[in-house]
Participant: 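Questions regarding the structure given below will be posed in turn.
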Protein chains: 2
Amino acid sequence: MEKTTCCEPVCCSPLSPVDAESLAIRLKALADPTRLRLFSIVASGEEQCACDLTDPLGVSQPTVSHHLKTLTEAGLLRREQRGKWAYFSVNKDALAELSAVLDPSVLSGI
Amino acid sequence: MEKTTCCEPVCCSPLSPVDAESLAIRLKALADPTRLRLFSIVASGEEQCACDLTDPLGVSQPTVSHHLKTLTEAGLLRREQRGKWAYFSVNKDALAELSAVLDPSVLSGI
DNA sequence: CTTTCATATCGATAACCGTCGATACGAAAG
DNA sequence: CTTTCGTATCGACGGTTATCGATATGAAAG
């Protein structure tokens, strides 16, 4: 049976080195100002073409492509190719999982 | 009136460069395997003495001290000195804020 | 005062990362 | 086939960072 989350909430018990490594990869993917803006732009719409993401960010096309790859490999974005265009959308499950892992409401006294 | 969160959820609207920068600082503080394990150890107890954190992590004392400083400066940990010992505890509000910013449940269709 | 011990800081090193221009790839259009 | 255009990859450069040993700081103990 599949696990529905990557690991226990960070508040419950010490993370194993393996869980910490995989969680860090996903957090690292978001822990950059340019990638955060890129991600939030994609998340704000239904689906975004890569061609529309260079201008609002003010970085070069290779840089956008690089960041999109990082976010996609971390599982936070989904990529779909249509013709010569690449469309990206948010993987809500992965984001919800990340949010849940950080949720401190499981701690006593909150 | 004070804002209760640093910024809008990443799913709602494009982050401003300033908001992205400040959010990235806090995410970056957690986006390291060693710091994640360190943080989860502190979060698992009521309060942790720095002297008890070196052994379970398997890194040197200066490295632990460095990571504790990073997490504290990001607002995720609180530090209290008692005698020659330093005690650390989780700032639940900061963690809850981080969790809320990533929460995708505001998106339609979830 | 001197010693001991917990913690922080310093300086160095190696690895990692964000960014770019140049270029390759691949699909549609002419 | 050739051109055009969107995207990905490459190679390089500069800045950041995780880690360590050595050392400084500062507080309690002797």
Side-chain angles (χ1 to χ4, degrees), chain A residues 15 17-18 20-42 45 47-89, chain B residues 15 17-42 45 47-74 76-89:
Chain A
L15 286 169
V18 169
E21 189 74 45
S22 87
L23 182 52
I25 288 173
R26 279 170 296 161
L27 286 171
K28 212 171 291 192
L30 284 178
D32 173 79
T34 305
R35 273 199 298 272
L36 268 178
R37 289 203 293 145
L38 178 55
F39 184 83
S40 71
I41 291 173
V42 174
E47 191 179 52
Q48 295 286 334
C49 177
C51 60
D52 295 325
L53 297 170
T54 301
D55 281 358
L57 287 176
V59 294
S60 71
Q61 178 270 323
T63 298
V64 172
S65 181
H66 167 68
H67 286 322
L68 286 169
K69 185 179 183 183
T70 300
L71 288 164
T72 303
E73 284 179 343
L76 292 165
L77 290 184
R78 289 215 182 87
R79 195 194 116 104
E80 191 192 346
Q81 185 93 32
R82 286 207 294 275
K84 53 181 170 181
W85 291 274
Y87 292 86
F88 293 85
S89 58
Chain B
L15 285 169
V18 169
D19 282 351
E21 189 74 45
S22 86
L23 182 52
I25 288 173
R26 279 169 296 161
L27 286 171
K28 211 171 291 191
L30 282 178
D32 174 80
T34 304
R35 273 199 298 272
L36 268 178
R37 289 204 292 145
L38 179 55
F39 184 82
S40 71
I41 291 173
V42 174
E47 192 179 51
Q48 295 286 333
C49 176
C51 59
D52 294 326
L53 297 170
T54 301
D55 281 0
L57 287 175
V59 294
S60 71
Q61 177 269 325
T63 299
V64 172
S65 180
H66 166 69
H67 286 322
L68 285 169
K69 184 180 184 182
T70 301
L71 288 164
T72 303
E73 284 179 342
L76 292 164
L77 290 184
R78 289 214 182 86
R79 195 193 116 105
E80 190 191 346
Q81 185 93 32
R82 286 207 293 274
K84 52 182 172 181
W85 291 274
Y87 291 86
F88 292 85
S89 58

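Letters A, B, ... are given to chains in the order of the sequence lines, protein chains preceding strands, and every chain is numbered from 1. None of these values were measured; they are calculated from a predicted model.
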Participant: Please state how far atom CG in Leu68(B) lies from atom C1' in dA8(C), giving the value in whole angstrom units.
Facilitator: 11 Å
Participant: Please report, rounded to the nearest Å, how far the P atom of dC17(C) is from the CG atom of Leu71(A).
Facilitator: 14 Å
Participant: Which heavy atom of Arg37(B) sits nearest to which heavy atom of Leu57(B), and what is that distance?
Facilitator: NH2-O, 3.1 Å
Participant: Which part of the nucleic acid does Gln81(A) contact within heavy-atom distance under 4.0 Å: base, sugar-phosphate only, or nothing?
Facilitator: nothing
Participant: Does OP1 or OP2 of dT19(C) have a side-chain N or O of Ser60(A) closer than 4.0 Å?
Facilitator: no
Participant: Could you give the CD-to-P distance, from Glu21(A) to dA18(D), as a whole number of Å?
Facilitator: 13 Å
Participant: Return the 5'-most residue of the pair Lys28(A), Gly83(A) with respect to DNA chain C, ranking by each residue's nearest nucleotide.
Facilitator: Lys28(A)
Participant: Measure the OG1-CZ distance between Thr72(B) and Phe88(B) for me, rounded to the nearest 0.5 Å.
Facilitator: 5.0 Å
Participant: Answer yes or no: is there an ion pair linking Arg82(B) with Glu80(B), defined by an N-O contact shorter than 4.0 Å?
Facilitator: yes
Participant: For Leu57(B) and dT7(C), give me the distance from atom CG to atom P, rounded to whole Å.
Facilitator: 13 Å
Participant: Would you mind telling me which of dG6(D), dC5(C), dT19(C) lies closest to the side-chain atoms of His66(A)?
Facilitator: dT19(C)
Participant: Of the nucleotides dG21(C), dT7(C), dT7(D), which has the atom closest to the Ala86(B) side chain?
Facilitator: dT7(C)
Participant: Does a distance-only test, which skips hydrogens and angles, find a donor-acceptor pair under 3.5 Å between the side chain of Gln61(A) and the base of dA8(D)?
Facilitator: yes
Participant: If you check the Ser65(A) side chain, which of dT19(C), dT19(D), dT9(D) turns out closest?
Facilitator: dT9(D)
Participant: Go through dT7(C), dG26(C), dT7(D) for me and flag the one nearest to the Lys84(A) side chain.
Facilitator: dG26(C)
Participant: Are any side-chain N or O atoms of Arg35(B) and backbone N or O atoms of Lys28(B), one a donor and one an acceptor, separated by less than 3.5 Å?
Facilitator: yes
Participant: Within this structure, what is the CG-to-P distance between Asp32(B) and dC17(C), rounded to whole angstrom?
Facilitator: 11 Å
Participant: Does any non-hydrogen side-chain atom of Val42(B) lie less than 4.5 Å from one of Leu53(B)?
Facilitator: yes
Participant: Checking contacts here: which listed nucleotide (dC20(D), dG18(C), dT7(C)) is nearest the side-chain heavy atoms of Arg35(A)?
Facilitator: dG18(C)
Participant: Which nucleotide wins on minimum distance to the side chain of Cys51(B), given the candidates dT17(D), dT7(C), dC17(C)?
Facilitator: dT7(C)
Participant: Using whole Å, what does the distance between atom P of nucleotide dT17(D) and atom CD of Glu73(B) come to?
Facilitator: 12 Å
Participant: Measure the CD1-CG distance between Ile25(B) and Leu30(B) for me, rounded to the nearest 0.5 Å.
Facilitator: 13.0 Å
Participant: Whole angstrom is fine here: how far is it from CZ in Phe88(B) over to P in dA6(C)?
Facilitator: 15 Å
Participant: Out of dT19(D), dG6(D), dA6(C), which nucleotide sits closest to the side chain of Thr34(B)?
Facilitator: dT19(D)
Participant: Quickly work out the His67(B) NE2 to dA8(C) C1' distance and round it to whole Å.
Facilitator: 15 Å
Participant: Among dG21(C), dA8(C), dT9(C), which nucleotide has an atom closest to any side-chain atom of Arg79(B)?
Facilitator: dA8(C)
Participant: Under 4.0 Å, heavy atoms only, any strand: does Val59(A) hit a base, just the sugar-phosphate, or nothing?
Facilitator: sugar-phosphate
Participant: So which nucleotide from dG21(D), dT19(C), dT7(C) ends up closest to the side chain of Trp85(B)?
Facilitator: dT7(C)
